[in-house]
Amino acid sequence: MTTVAMIAIIALCVSLVFYCLASVEAYTGVLIINRITGTMRSVGPGWHFIGPWEKVVEGRETPLVADKDAHTFRINVQTQDEATVSLDISFDLMPLETHLVEFQKFDSKACLSNIQERIRSILSIEIRKLPDRDAVMNQLKELEKTGKKSFEDSLSENGKRIEEYYGRNLKSLLISPAPLPQVLMDATTKKEAQEKENEMRKMEMD
């Protein structure tokens, strides 16, 4: 085999290798479609092998970053002693690079609503196990960890893990006590002032 032929073969092999490689930018996910079957898969940043029968879907790139603004909502749940506790819930979602097909399939608003209700249900069950309000306040950090893990482990209607079903990862979950309504704050302040006044009168009588 001549040197020219060898160089041509090497060049052809290099061209095939590059033809079968796709480069994806940092913090970005793309869809790859099978030209024959029409099925799609997704990959994240870096170099990826794609078969001659596949191609990258142009214009469907997904930034792999958390939502710009955290999603917040309030829940009112009861403890074992039937005391009602109000909590503010905040969570961030991030596209799951291995399930971008599902991520792009769902309407963002409907998906967010469904995820919010799933988190509400999980936390309501966990808080119902606690004896009283003080126990809830003392275990907020633990509730965050338990709630996040329970969400990640939960299954959708078709048996898939909930994150894979929606193509969204629950990046963070934060729980904080909800501020008391102004009426209750005024009542609490009035009660404290009355108790202080009663103590002063008792001291004067003594």
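Within a 6.0 Å sphere centred on CZ of F73, other residues, nucleotides and ligands contribute more than 12 heavy atoms. Heavy-atom contacts from other residues, nucleotides or ligands closer than 6.0 Å to CD of E117 number more than 12.
Screening residues 81-92 for salt bridge (Lys or Arg N to Asp or Glu O under 4.0 Å), with sequence neighbours left out, gives R74-D88. Listed by first and then second residue, the ring-ring contact (aromatic ring centres under 6.0 Å, His included) pairs involving residues 77-103 are H71-F91 (not counting sequence neighbours). For residues 164-177, the pairs satisfying salt bridge (Lys or Arg N to Asp or Glu O under 4.0 Å) are R161-E164, with sequence neighbours left out. Residue pairs meeting the salt bridge (Lys or Arg N to Asp or Glu O under 4.0 Å) criterion with at least one member in residues 57-69: none, sequence neighbours excluded.
Hydrophobic side-chain contacts under 4.5 Å tie I36 into a cluster, directly or through other members, with W53.
Here the OG1-NZ distance, from T146 to K141, works out to 13.0 Å after rounding to the nearest 0.5 Å. Atom CZ of R133 sits about 4.0 Å away from atom CE of M137, to the nearest 0.5 Å.
With sequence neighbours excluded, the residues forming a side chain to side chain contact (heavy atoms under 4.5 Å, CB included) with P63 are V65, listed by chain and number. Residues passing the side-chain hydrogen bond (donor to acceptor under 3.5 Å, both in side chains) test with S23: none are found, sequence neighbours excluded. In this view, K160 and E102 satisfy the side-chain hydrogen bond (donor to acceptor under 3.5 Å, both in side chains) rule, not counting sequence neighbours. For K55, there are no side-chain hydrogen bond (donor to acceptor under 3.5 Å, both in side chains) partners, not counting sequence neighbours. Remark: Y165 engages F106 in a ring-ring contact (aromatic ring centres under 6.0 Å, His included) (not counting sequence neighbours). Shown here are the side chain to side chain contact (heavy atoms under 4.5 Å, CB included) partners of S113, two or more places apart in sequence or in another chain: there are none. When the side chain to side chain contact (heavy atoms under 4.5 Å, CB included) test is applied to V24, the partners found at least two apart in sequence or on another chain are T28, V30, V43, H48.
In this structure the side chain of L87 reaches within 4.5 angstrom of the side chain of I127, judged on heavy atoms. Counting heavy atoms from C-beta on, the side chains of I89 and I119 come closer than 4.5 Å. Contact annotation: the side chain of P131 never approaches that of T79 to less than 4.5 Å [non-hydrogen atoms, C-beta and beyond].
A donor-acceptor pair is defined here as one N or O able to donate and one able to accept, closer than 3.5 Å; such a pair exists between the side chain of S154 and the backbone of F151.
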So N76 and T84, side chain to side chain donor-acceptor pair (under 3.5 Å) or not? Walk me through it.
CA-CA 6 Å; N76 297 296; T84 299; over 6 Å; no
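In summary, K148 and E144 do not engage in a salt bridge, as defined by a charged side-chain N under 4.0 Å from a carboxylate O.
Here the closest heavy-atom approach between residue L140 and residue S176 is recorded as CD1-CA, 4.4 Å. Across all non-hydrogen atoms, the minimal contact from M94 to A66 is CG-N, 4.0 Å. A pairwise comparison of heavy atoms in S42 and L31 identifies CB-CD2, 3.8 Å as the closest pair. Minimum heavy-atom separation, L100 to P95: CD2-CB, 4.0 Å.
There is a side-chain donor-acceptor pair under 3.5 Å between N169 and E163. There is a side-chain donor-acceptor pair under 3.5 Å between Q104 and T62.
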